[in-house]
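One structure below.
Residue numbering restarts at 1 for every chain, and letters A, B, ... go by the order of the sequence lines.
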Amino acid sequence: MANEVNNFQEIISHCKEYGYVFQSSELYDGLSAVYDYGQMGAQLKKNLRDDWWKSMTQLHENIVGIDAAIFMHPTVWKASGHVDNFSDPMIDNKDSNKRYRVDHLIEAFAETIEKSAGDALIQEMEQLLAKDDFNGLKTLIENNKIKCSISKTSNWTEVRQFNLMFSTQIGSVAEEADTIYLRPETAQGIFVNFLNVQKTGRMKIPFGIAQTGKAFRNEIVARQFIFRMREFEQMEMQFFVRPGTQMEWYNYWKDTRKKWHESIGIPTEKLRYHDHVKLAHYADAALDIEFEFPFGWKELEGIHSRTDFDLSQHAKYSKKKIQYFDNDLNEEGKPFGNYTPFVVETSVGLDRLFLTVISLAYQEEKWTKEDGTEDSRVVMKIPAKLAPTKLAILPLLKKDGLPEIATELMKECKQHFHCFYEEKDAIGKRYRRMDAIGTPFCVTIDHQTKEDNTVTIRYRDTMTQERIPMSEVIRLVEKACNV
RNA sequence: GCGGAAGUAGCUCAUUUGGUAGAGCGAUAGCCUUCCAAGCUAUAGGUGGCCGGUUCGAGCCCGGUCUUCCGCUCCA
């Protein structure tokens, strides 16, 4: 099986051709950086999500799952810092491609001119900023002939507000300024439910809350297929720990999460850690688990030690006490008592994980047949436990009672896992179609089946086949899919 | 967001200087077939990304727009 190719463009085409990923609203020319999952993709994505969910909740007694709403009280985003930190008007210089915050640009200029004129300028700027008068700000910059410090030109774009968060209005009347944001991260839904879950679930620290769900970011540049989308799905878990033990848990999750990625078939050499040098305002340690995508090493999952920043902020903004009473005894034999727990977060992008699996699975194979002619196939070597369809049931011929036997087997197998039945076209063609969508097993019903109830099972990855009793099919497939 | 390039059937492409679109593969239906994209027959599928302009006439020229790709920039 030589000449394996792994080209990103081909992967994208293949995803479309076989019903994995479509561009959103393609009928209307598409919507930039938004994608839909097709009939195959939706199932693969669900299988990934289910495996993660199981690994977090079912396999950890001290982690529970929730499903928080996308809409949240607007104050949540003030407390989290999202409103204040990421909504400043910006302007670009077209010659240097340098982007400036408008207020910084004007303030810097004001310091270079006479003080009274500078003060007047800043006062004018603040009035315009308060009114969100972007045209006025542009005019102000032009009238003062403010130049870019790099290109020394005044060739500016329009002033724009780069707001990370999408917003809409709640209620039937928009006038109340009840602006609601689509969450830019799922984490806050966990933090605001910390007390609910801890009390009703009688959770003892350390414990975790897991959640999967959509998040929305109005990215300025969103490219590279489903790697960076405006609407995407996160799978994350916030682990609440006693202050001072966060590094211990940070290291535990760093290790545990990488092992999980390996458990779904990602080779170790394609994964690496990347420690953050510059930390976000809430973190005391952070790293990415990176995967070597076809376009380079990129973040797949983030592990952040978020300290008590989030819970403290929500306590402050809600004016409610968000603490935990720890009855465990410390070295002096006294309870640890009340404290605000620290948080270690694991946050993986489900769409990125999907892309990871797809780009590892996609392979073009070429070989020389026994008669000397060339042959080839495109195969998706998706691990059996993740594959959207587990088994194809194929009568060798469309007559002699073979379809009847195959249909009976189909009826039985579909109770256990996703199957696909096909009697059209030559057997080789059907095998290739199953290769293309990543079905790991095909069983073929032939004339011998009528004699002794055996079938041939054909393995996707090796293209080899063997004869097994028909009664063994379900057990064999289930075993392979639950590894 | 800035600069550059591209857009014709599901896919890959053709259509000599403007004269209202074709092929291969694929798909669907049938025939034939005893295990890796075989063969035969038939059918479906395009207002040439979209809008406008020039022209007697535009897939082809011009403008705008949308989407994609490449480079730069950004990514809490």
Side-chain angles (χ1 to χ4, degrees), chain A residues 8-10 12-14 16-19 22-34 77 80-87 90-100 150-151 155-160 162 164-165 184-185 187 217-225 227-230 276 278-283 286 288 295 298-299 302 304 306 309 347 365 367 369-370 373-379 394-400 402 424-436 442-450 455-460 462-467:
Chain A
F8 191 42
Q9 284 312 314
E10 313 243 325
I12 295 170
S13 302
H14 192 83
K16 188 197 163 188
E17 193 169 352
Y18 289 94
F22 307 122
Q23 192 176 14
S24 166
S25 317
E26 196 187 15
L27 193 61
Y28 292 99
D29 288 334
L31 188 61
S32 183
V34 186
W77 306 112
S80 70
H82 284 83
V83 170
D84 291 335
N85 291 345
F86 305 101
S87 58
M90 311 284 277
I91 192 165
D92 290 339
N93 184 276
K94 290 182 188 175
D95 297 315
S96 64
N97 282 332
K98 172 81 179 163
R99 177 167 298 151
Y100 295 88
I150 294 169
S151 66
N155 189 11
W156 299 105
T157 63
E158 296 304 307
V159 172
R160 286 168 304 239
F162 289 100
L164 169 87
M165 292 191 287
E185 63 176 29
R217 293 185 190 179
N218 196 6
E219 300 282 355
I220 299 161
V221 173
R223 260 189 233 163
Q224 284 166 325
F225 196 41
F227 183 80
R228 176 165 292 116
M229 294 194 287
R230 297 206 159 97
H276 287 203
K278 207 177 117 193
L279 294 171
H281 56 283
Y282 54 72
D288 295 337
F295 42 87
K298 299 279 182 185
E299 177 187 355
H304 298 175
R306 294 180 76 127
F309 176 82
S347 176
E365 294 180 344
W367 65 93
K369 289 194 288 190
E370 284 177 12
T373 56
E374 294 293 310
D375 208 349
S376 68
R377 67 167 181 166
V378 172
V379 56
L394 316 168
L396 185 59
L397 297 177
K398 205 169 20 176
K399 61 178 186 184
D400 302 337
L402 302 185
K424 171 98 177 119
D425 290 321
I427 192 70
K429 194 171 208 169
R430 283 179 274 169
Y431 285 155
R432 294 304 162 82
R433 276 202 283 255
M434 290 302 106
D435 288 343
C442 297
V443 298
T444 303
I445 283 68
D446 58 17
H447 291 95
Q448 195 184 326
T449 309
K450 294 203 288 187
V455 296
T456 54
I457 183 157
R458 183 260 193 188
Y459 301 101
R460 176 196 65 197
T462 57
M463 294 175 74
T464 55
Q465 53 190 41
E466 58 185 329
R467 219 157 173 105

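- A:Ser376 comes within contact range of at least one nucleobase, with a heavy-atom separation under 4.0 Å.
- Using a 4.0 Å heavy-atom distance criterion, A:Glu185 is classed as making no nucleic acid contact.
- B:G45 and B:C40 have their P atoms separated by 24 Å, with the value rounded to a whole Å.
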Return the polar atom pairs (N/O with N/O) between nucleotides 39-41 of chain B and the protein under 3.5 Å, or none.
none

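- If you take atom P in B:A6 and the same atom in B:C62, they sit 11 Å apart, rounded to whole Å.
- A:Gln448 meets the side-chain contact (heavy atoms from CB on, under 4.5 Å) test with A:Asp446, A:Asp452, A:Thr454, A:Arg467; sequence neighbours excluded.
- A search for side-chain contact (heavy atoms from CB on, under 4.5 Å) contacts involving A:Ile457 returns A:Phe441, A:Val443, A:Tyr459, A:Glu466, A:Ile468, A:Leu476, not counting sequence neighbours.
- Residue A:Ser32 has no polar side-chain atom (N or O) positioned under 4.0 Å from OP1 or OP2 of B:C66.
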Enumerate the protein-to-nucleotides 24-31 of chain B contacts in which both atoms are nitrogen or oxygen and the separation is below 3.5 Å.
unit_1, atom_1, unit_2, atom_2, d
B:A27, OP1, A:Arg433, NH1, 2.5

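- Salt bridge status for A:Asp425 with A:Arg433: present, with a side-chain N to carboxylate O gap under 4.0 Å.
- The gap from the C1' atom of B:C60 to that of B:G18 amounts to 6 Å, rounded to the nearest Å.
- Comparing atom distances between the A:Tyr18 side chain and each of B:C36, B:A37, B:C75 picks out B:A37 as nearest.
- Evaluation of the ring pair (Phe, Tyr, Trp, His ring centres under 6.0 Å) rule for A:His276 yields A:His304 as partners, not counting sequence neighbours.
- Computed from coordinates, the A:Phe8 CZ to B:C70 C1' distance equals 14 Å when rounded to whole Å.
- Under 3.5 Å, the side chain of A:Arg430 and the base of B:C36 form no donor-acceptor pair of N or O atoms.
- Of the possible donor and acceptor atoms, one in the side chain of A:Arg217 sits under 3.5 Å from a partner among the backbone N and O of A:Pro184.
- The side chain of A:Gln9 places no N or O atom within less than 4.0 Å of a non-bridging phosphate oxygen (OP1 or OP2) of B:C69.
- With B:G10, B:A37, B:U68 as the candidates, the nucleotide lying closest to the side chain of A:Gln23 is B:U68.
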* Structure fact -> Output field dot_bracket for RNA chain B (Watson-Crick or G-U, both distances under 3.5 Å, | for other-strand pairs) contains (((((((..((((.....[..)))).(((((.......))))).....(((((..]....))))))))))))....

